[in-house]
Number of protein chains: 2
Amino acid sequence: MALDRIADKWTVLTLGLLVERRLRFNQLRREIEGLSQKMASQTLKALERDGLVTRTAFATVPVTVEYAITPLGRSLAQALAPLARWASDHINEIARARERYDRTAR
Amino acid sequence: MALDRIADKWTVLTLGLLVERRLRFNQLRREIEGLSQKMASQTLKALERDGLVTRTAFATVPVTVEYAITPLGRSLAQALAPLARWASDHINEIARARERYDRTAR
DNA sequence: CTGGATCCACAATGATACTG
DNA sequence: CAGTATCATTGTGGATCCAG
């Protein structure tokens with residue numbers, strides 16, 4: 001269930017950015033290559049619903065909205081760190097395993 | 001990319017079982033509730049391709065096939081552990097956040 | 001027992017247009 | 001700026017049938 005919730009590309013990338021600094025909606029979109037308006041909206045809403053991110057609107061014209069990570073979100077980001085480390089440490093090994101497999105089995 | 005590869009339900013559950021002991025194809029299916037033949041096959045093949053699991057066939061009649069985790073697979077499982085711990089530690093907190101959100105915003 | 005091949009339904013996402 | 005609504009398309013997984 002936890003995986004269903006957090007294990008998608010946009011969620012992890014978004015959380016990763018918000019760990020460093022609070023961002024506005026379109027700032028986030030500019031930072032994350034390929035993040036559509038729809039996915040940004042959807043992802044942020046889900047993150048907010050789960051208490052991982054807060055949404056703060058300022059009554060400017062036009063409106064300004066800031067997204068910031070919560071302590072809970074930060075703790076998730078920390079739990080994600082070993083996985084990120086594993087990925088960067090072993091990406092080459094996986095690539096080699098794939099080549100080997102593709103050369104043999106196919 | 002790493003997430004795209006490993007972050008699905010069946011992959012994580014499969015890896016989680018294989019960490020403890022090697023399993024045959026249908027054993028695995030029996031252990032994991034809801035795992036269809038297709039997904040079992042697909043998941044195991046992908047895991048093997050990436051060098052996370054090995055497949056060993058025995059020339060019995062009918063054929064016996066055993067799947068076992070590799071050292072690489074084991075290291076991934078370890079990197080996944082903090083995440084699993086986070087999930088079980090905070091599942092209630094998330095549930096509460098959802099209730100709060102749904103009560104307010106909707 | 002261990003899968004491969006197909007068909008199909010539905011979920012997920014991108015593109016586009018529009019709004020307060 | 002910060003989204004919502006809708007449509008079109010693709011992806012994903014389940015069900016089913018078949019085979020060595």
Side-chain angles (χ1 to χ4, degrees), chain A residues 1-15 17-18 21-50 52-69 101-102 104-106, chain B residues 1-15 17-18 21-50 52-69 101-102 104-106:
Chain A
M1 205 193 100
L3 280 172
D4 273 359
R5 173 57 199 77
I6 62 166
D8 77 285
K9 196 174 166 182
W10 305 130
T11 295
V12 174
L13 292 176
T14 297
L15 217 55
L17 274 183
L18 291 179
R21 59 196 176 96
R22 44 179 53 218
L23 288 169
R24 302 214 315 281
F25 187 82
N26 282 326
Q27 275 184 328
L28 191 73
R29 287 201 54 211
R30 277 189 295 271
E31 299 265 2
I32 303 183
E33 165 93 22
L35 177 58
S36 69
Q37 213 166 40
K38 182 180 178 176
M39 283 299 98
S41 169
Q42 217 169 89
T43 300
L44 286 167
K45 200 174 291 184
L47 284 170
E48 190 197 356
R49 183 164 109 101
D50 286 349
L52 301 170
V53 154
T54 59
R55 175 186 186 279
T56 313
F58 299 96
T60 53
V61 179
V63 60
T64 300
V65 177
E66 275 192 357
Y67 289 93
I69 199 166
Y101 181 92
D102 291 349
T104 311
R106 300 204 54 209
Chain B
M1 207 194 98
L3 280 172
D4 273 359
R5 172 59 198 76
I6 61 167
D8 75 284
K9 195 175 167 182
W10 305 129
T11 294
V12 174
L13 291 176
T14 298
L15 216 56
L17 274 183
L18 291 178
R21 59 196 176 97
R22 45 179 51 220
L23 288 169
R24 302 215 315 282
F25 187 81
N26 282 326
Q27 273 185 330
L28 192 73
R29 287 201 54 209
R30 278 190 294 271
E31 298 266 2
I32 303 184
E33 164 94 20
L35 176 58
S36 71
Q37 212 168 43
K38 181 181 179 178
M39 283 299 98
S41 170
Q42 216 171 88
T43 300
L44 286 167
K45 199 175 292 181
L47 285 171
E48 189 197 357
R49 184 164 109 101
D50 287 350
L52 300 171
V53 155
T54 60
R55 174 185 187 279
T56 312
F58 300 96
T60 53
V61 177
V63 61
T64 301
V65 178
E66 275 192 355
Y67 290 92
I69 199 165
Y101 181 92
D102 291 349
T104 311
R106 299 201 56 210

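It should be emphasised that the depicted structure is a prediction, and the values quoted were computed from it without experimental measurement. Each chain gets a letter, A, B and so on, in the order the sequences are listed, and its residues count up from 1.
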Might you list the N or O atoms of the protein lying below 3.5 Å from N or O atoms in nucleotides 17-20 of chain C, with each pair's distance?
residue	atom	partner	partner atom	Å
C:dA17	N6	A:Gln37	OE1	3.2

(request) May I ask you to evaluate whether B:Lys45 reaches the phosphate of C:dG3, defined as a side-chain N or O under 4.0 Å from OP1 or OP2? (result) no
(request) Look only at the side chain of A:Arg55 and the backbone of A:Lys45, and say whether a donor-acceptor pair between them is shorter than 3.5 Å. (result) no
(request) To the nearest Å, give me how far apart CD (A:Gln27) and P (D:dG3) are. (result) 13 Å
(message) What is the distance, to the nearest angstrom, from the CG atom on B:Leu44 to the C1' atom on D:dG13?
(response) 16 Å
(request) Grab the CD-P distance between A:Gln42 and D:dT6 for me, whole Å please. (result) 15 Å
(request) Give the rounded distance in Å between these two atoms: CD of B:Glu66 and P of C:dC1. (result) 14 Å
(request) Tell me which of A:Lys38 and B:Trp10 sits closer to the 5' end of DNA chain D, going by the nucleotide each one is nearest to. (result) A:Lys38
(request) To the nearest 10°, let me know how far the axis at one end of the helix from C:dC1-D:dG20 to C:dG20-D:dC1 is tilted from the axis at the other, five pairs an end. (result) 50°
(request) In whole angstrom, give the distance that lies between atom CZ of A:Arg29 and atom C1' of C:dA15. (result) 11 Å
(message) I'd like to check A:Ile6 versus A:Asp50 (side-chain heavy atoms, cut-off strictly below 4.5 Å). Are they in contact?
(response) no
(message) In whole Å, I'd like the distance from the CG atom of A:Asp8 to the C1' atom of C:dG14.
(response) 15 Å
(message) Quick check for you: to the nearest 0.5 Å, what is the distance between B:Thr54 atom OG1 and B:Arg22 atom CZ?
(response) 6.0 Å
(request) Taking only the side-chain nitrogens and oxygens of B:Arg24, find out if one of them lies under 4.0 Å from OP1 or OP2 of C:dC1. (result) no
(request) Among the candidates C:dG3, D:dT4, C:dG14, find the nucleotide nearest to the side-chain atoms of B:Ser41. (result) C:dG3
(message) Whole angstroms only, please: what is the CZ-P distance between A:Arg30 and D:dC1?
(response) 6 Å
(request) Take B:Phe25 and A:Gly34, find for each the nucleotide of DNA chain C with the closest heavy atom, and name the residue whose nucleotide sits nearer the 5' end. (result) B:Phe25
(request) Answer yes or no: does a side-chain N or O of B:Tyr67 lie under 4.0 Å from OP1 or OP2 of C:dC1? (result) no
(request) Rounded off to whole Å, could you give me the NZ-to-P distance for the B:Lys9 and D:dG11 pair? (result) 22 Å
(request) Answer yes or no: does a side-chain N or O of A:Arg55 lie under 4.0 Å from OP1 or OP2 of D:dG3? (result) yes
(request) Determine the sole option in A:Val53, A:Leu52, A:Leu13 for which the side chain to side chain contact (heavy atoms under 4.5 Å, CB included) test with A:Leu18 is passed. (result) A:Val53
(request) Output the single nucleotide from C:dG14, C:dG3, D:dG14 whose closest atom is nearest the side chain of B:Met39. (result) D:dG14
(request) Could you tell me whether A:Arg49 and B:Asp102 make a salt bridge, using a distance below 4.0 angstrom between a side-chain N and a carboxylate O? (result) yes
